[in-house]
Amino acid sequence: MQMKDLFIKAAFSEQTERPPVWMMRQAGRFMKEYWDIKNKYSFLEMCKTPEIAADVTMLPVDLLGIDAAILFSDILVTAEAMGGELSFSAGVGPQFANPVRTKAAVDALDTDVLPKLQYVADAIKVIQQRLNGSIPLIGFAGAPFTVMSYLVEGGSSRDFKTTKLLLHNEPELAHQLLSKIAKVTADYLNLQIAAGVNAIQIFDSWAQALAWDDYKEFSHRYITEIISQLNRKDIPVISFCKGSSVFAPLMAEAKPDVISIDWNVDLLDIKKRLPQGIAVQGNLDPHILYADKKVIKERIHRLFERMRGENGFIFNLGHGIMPDIPFDNVKYAVEVIKEFRY
């Protein structure tokens with residue numbers, strides 16, 4: 001199968017002739033074509049309508065020529081399925097009308113939710129028909145701590161004060177909530193694997209808010225649990241968090257195949273500190289994609305020269321593409337990467 005050639009090989013730390021490339025948020029707001037779709041439908045309609053989710057997933061495949069597609073969805077669909085009243089509004093982002101802050105609210109959350117998430121499995125099947133084996137499809141879910149923070153805060157937060165108060169004052173309740181989310185997340189990722197994704201990424205977007213001990217107790221523990229329950233034969237698992245330059249040695253203990261690294265660390269240095277056989281993904285600062293093309297090329301080549309001779313390297317950004325990065329710059333970056341040879 002052609003898709004084994006680059007992305008899957010690199011994810012399993014096998015040798016590749018160049019680093020494969022995909023980018024977080026590659027099907028998103030920096031594309032005019034995304035807005036052509038978004039202006040017709042709400043964000044949740046896009047996620048829940050398989051044909052539309054497939055259309056958006058395919059945009060970077062058709063327009064950028066990347067080496068892996070990632071399912072168009074959202075990390076909060078699990079929280080909604082559990083009973084969160086989720087909405088998205090322009091300029092505000094996701095909001096839950098019923099924040100989860102009491103034992104009664106935690107008890108009320110449902111964990112038998114796969115029927116409510118069937119639309120994701122349906123979207124995966126449509127996308128795989130369109131990809132037709134050309135490149136792999138990455139499925140994903142939010143990590144329990146990140147999903148929990150949205151449920152507890154009722155939306156995005158700058159300081160996660162309410163979430164941290166729950167962790168510190170009512171740790172047993174926090175663990176009850178995290179256990180429920182972890183169960184749903186493992187079931188949901190196995191649903192995606194059964195539907196046909198070729199790789200999985202777990203997004204712990206807000207892990208950097210946590211102190212080391214709290215990360216270990218309230219995040220790492222549950223990611224370890226989820227990864228241990230995945231039907232992962234031939235399916236590489238990528239672990240991503242903001243703060244991975246700090247947490248990577250701990251993240252490795254959960255036994256992912258790949259750790260996605262932010263831009264605050266030398267990529268080769270951190271790879272050398274990880275166990276043999278764990279690949280790295282990253283770690284270009286996305287702000288470089290605002291720069292002149294000669295700078296973009298120089299920075300990509302600098303990273304690639306640093307990683308020369310290393311198996312198990314997937315090019316990505318340290319975080320997602322920002323909405324106002326020029327599309328031409330992203331396209332140029334992909335061209336530079338695809339022309340490169342070790």
Side-chain angles (χ1 to χ4, degrees), residues 1-11 16-74 119-140 192 195-201 203 236 238 260 281 284 286 288-290 293 296-297 300 314-317 319-340:
M1 207 174 194
Q2 185 188 348
M3 67 171 63
K4 286 271 157 56
D5 290 355
L6 268 181
F7 172 82
I8 300 291
K9 271 179 143 179
T16 55
E17 63 269 23
R18 67 165 172 85
V21 52
W22 74 279
M23 299 185 197
M24 290 180 267
R25 295 205 192 120
Q26 67 187 14
R29 294 173 291 173
F30 72 104
M31 289 185 182
K32 175 195 167 293
E33 293 79 1
Y34 172 88
W35 284 105
D36 290 344
I37 299 169
K38 175 75 183 74
N39 288 333
K40 292 180 199 164
Y41 307 97
S42 74
F43 182 73
L44 280 173
E45 278 180 304
M46 291 163 72
C47 292
K48 291 184 177 186
T49 313
E51 292 289 340
I52 299 170
D55 289 344
V56 181
T57 300
M58 293 300 294
L59 289 177
V61 179
D62 298 334
L63 300 173
L64 294 172
I66 37 71
D67 294 315
I70 184 165
L71 167 71
F72 178 76
S73 186
D74 192 81
Y119 63 86
V120 177
D122 295 340
I124 289 164
K125 286 166 185 162
V126 176
I127 296 161
Q128 287 290 33
Q129 283 173 346
R130 297 201 200 172
L131 287 171
N132 195 26
S134 57
I135 57 171
L137 174 64
I138 303 165
F140 71 92
Q192 293 184 34
V197 297
N198 309 104
I200 286 293
Q201 178 155 316
F203 283 86
I238 307 167
S260 195
Q281 175 178 278
L284 194 76
I288 286 164
L289 296 180
Y290 289 115
K293 286 183 176 171
I296 293 171
K297 183 173 188 176
I300 290 169
I314 297 164
F315 176 88
N316 209 309
L317 306 175
H319 190 40
I321 299 175
M322 279 80 82
D324 59 344
I325 286 178
F327 175 82
D328 282 354
N329 286 14
V330 181
K331 188 165 177 57
Y332 177 72
V334 174
E335 287 165 3
V336 167
I337 292 158
K338 292 180 82 168
E339 285 166 4
F340 187 88

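- Here the CD1 atom belonging to I300 is positioned 4.5 Å from the CZ atom belonging to F315, to the nearest 0.5 angstrom.
- Remark: L137 CG to K125 NZ distance equals 13.0 Å, nearest 0.5 Å.
- By the 4.5 Å heavy-atom criterion applied to side chains, P20 and I314 are counted as neighbours.
- Contact between D5 and K9 at its shortest, heavy atoms only, is O-CD, 2.7 Å.
- One distance of note links CD1 of I288 with CD1 of I296; it measures 9.0 Å at 0.5 Å rounding.
- Q128 contributes a side-chain N or O that, together with a main-chain N or O of G196, makes up a donor-acceptor pair within less than 3.5 Å.
- Residues Q192 and I124 form a side-chain contact, since some pair of their non-hydrogen atoms from C-beta on lies under 4.5 Å apart.
- Rounding to the nearest 0.5 Å gives a distance of 11.0 Å between CG of L6 and CD1 of I135.
- Contact check for P326 versus Y290: side-chain heavy atoms found under the 4.5 Å cut-off.
- For the residue pair M31 and L64, the shortest heavy atom distance occurs at CE-CD1, 3.9 Å.
- Counting only heavy atoms from C-beta outward, the side chains of M23 and P60 never approach each other to under 4.5 Å.
- F327 and F30 have parallel rings, their planes meeting at less than 30° on a 0 to 90° scale where 60° marks the start of perpendicular.
- In plain terms, the two heavy atoms of I138 and A68 that are nearest each other are CD1-CB, 3.8 Å.
- Under the 3.5 Å distance criterion, the side-chain polar atoms of W35 are matched with a main-chain donor or acceptor of R29.
- Residue N198 comes nearest to P236 through the heavy atom pair O-CD, 3.3 Å, listed as atom of the first residue, atom of the second, then distance.
- In this structure, V330 and I325 approach most closely via the heavy-atom pair CG2-CG2, 3.6 Å.
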Which atom pairs, donor and acceptor, lie under 3.5 Å between side-chain atoms of residues 47-58 and protein residues at least two apart or in another chain?
residue : atom : partner : partner atom : Å
K48     : NZ   : E80     : OE1          : 2.9
K48     : NZ   : E80     : OE2          : 3.2
T49     : OG1  : E45     : O            : 2.6
E51     : OE1  : R130    : NH2          : 2.7
D55     : OD1  : R130    : NH1          : 2.6
D55     : OD1  : R130    : NH2          : 3.1
T57     : OG1  : A53     : O            : 2.7
T57     : OG1  : F72     : N            : 2.9

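- The closest side-chain heavy-atom distance from I70 to F140 is below 4.5 Å.
- Taking the side chain as every heavy atom from C-beta outward, Q281 and W22 approach each other to under 4.5 Å.
- Atom NZ of K38 is surrounded by more than 12 heavy atoms from other residues, nucleotides or ligands within 6.0 Å.
- Interatomic distance, Y34 OH to Q26 CD, rounded to the nearest 0.5 Å: 13.5 Å.
- In plain terms, the two heavy atoms of S73 and F43 that are nearest each other are O-CZ, 4.2 Å.
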Atom pairs and distances, side-chain donor-acceptor, residues 331-339, under 3.5 Å, sequence neighbours left out:
residue : atom : partner : partner atom : Å
K331    : NZ   : L63     : O            : 3.0
K338    : NZ   : G65     : O            : 2.6

